[in-house]
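Working notes for the structure below.
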Amino acid sequence: MRIIKSPEEMSHWSREQLASGMDIGFVPTMGFFHEGHLSLMRMAAKLAEKVVVSIFINPIQFGTDEDLSEYPRDLNRDSSFAENENVDVLFVPELKSMYPEPIKTKISVSGLTKEFCGASRPGHFDGVCTVVTKLFNIVRPSVAVFGSKDFQQLAAIRRMVADLNIDIEIVAHPTVRENDGLAMSSRNTYLAEEDRQSALSLYKANNSAKDMVSAGYSETAAIIDKLEVLINSYDKVEIEYLAIVNCFDLQRQKNIDDNSLLIMAVKVGRTRLIDNFLLHGKTGDI
Ligand code: PAF
């Protein structure tokens, strides 16, 4: 596995691969790998001949009061994980090489990014879409794999790619979970041991919502009311949002249908957790 630090060298490598008829599968990350990231790498390897994984903690997607400085990092650990997954290139650009001067151009996907995580993290999705576009231009993949835990990021990137005629297939990988149901996330390292039970409230809410749908509940407001009570029964939780939306356009729904997606962001202590679940699962993963 090669570790490439400069965007120019990365582009050069990609150009050579494309010239020799290879296609590239890409997994953009911010590092501190867990099983979720490794599954994205495995999926990329199934979809393309060469796999590039980037690690870049992108400052322009963090708000001033967010966890940029404490975001977990461990390049040695990450490179041995990536090497085990037969990744061809680990692209680890330095901050200065990605943003030699303050960026004046931003990509903004309107509408889809306004509510939910977009409301509590203003500018976050502009930062994500901008860096993802930069990475796409540097790495030149034919396919890029994203985890569906970040449903709003996935929706925004899908829309950006469609709107801007970016010729890259966006593939979603289902959320990978711990044995107890907690969605894997690099930020789970912030969870204090005693908060672990409360962190499971999101998964418990999903199970409860699925039971209600199976029992014939169809009004989303009634389901949300019950889930709110359930989540709030755990210690140190604060619901940021809890909604049932259409999994494609993220519009809130009045009644359950095949595309109903339960979405939630809950603060447990100082850790903000997000999760989402398709309630019928008839359309497969988002
Ligand atoms: O999902 C992430 O880890 C990041 O938002 C991404 C897509 C790597 C962009 O910085």
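None of these values were measured; they are calculated from a predicted model. Ligands are counted one by one from 1 in listed order, and the atoms in each one are counted from 1 as well.
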- line: His12 meets the ring-ring contact (aromatic ring centres under 6.0 Å, His included) criterion, sequence neighbours left out, with none
- prompt: When you check the side-chain N and O atoms of Ser108 and Asp126, is any donor under 3.5 Å from an acceptor?
  reply: yes
query: Would Asn58 and Tyr99 count as having a side-chain donor-acceptor pair, cut-off 3.5 Å?
result: yes
- prompt: Is the backbone of Leu112 close enough, under 3.5 Å, to the side chain of Gln152 for a donor and an acceptor to pair up by distance?
  reply: yes
Return a table of N or O atom pairs, ligand 1 on one side and protein on the other, at distances under 3.5 Å, rounded to 0.1 Å.
unit_1, atom_1, unit_2, atom_2, d
ligand 1, 1 (O), Gln153, OE1, 3.4
ligand 1, 1 (O), Gln153, NE2, 2.9
ligand 1, 5 (O), Gln61, NE2, 3.0
ligand 1, 5 (O), Gln153, OE1, 2.7
ligand 1, 10 (O), Gln61, OE1, 2.6

Pair Glu85 + Arg42, salt bridge at N-O below 4.0 Å: yes
message: Please determine whether a side-chain nitrogen of the Lys or Arg among Arg270 and Asp67 lies less than 4.0 Å from a carboxylate oxygen of the Asp or Glu.
response: no
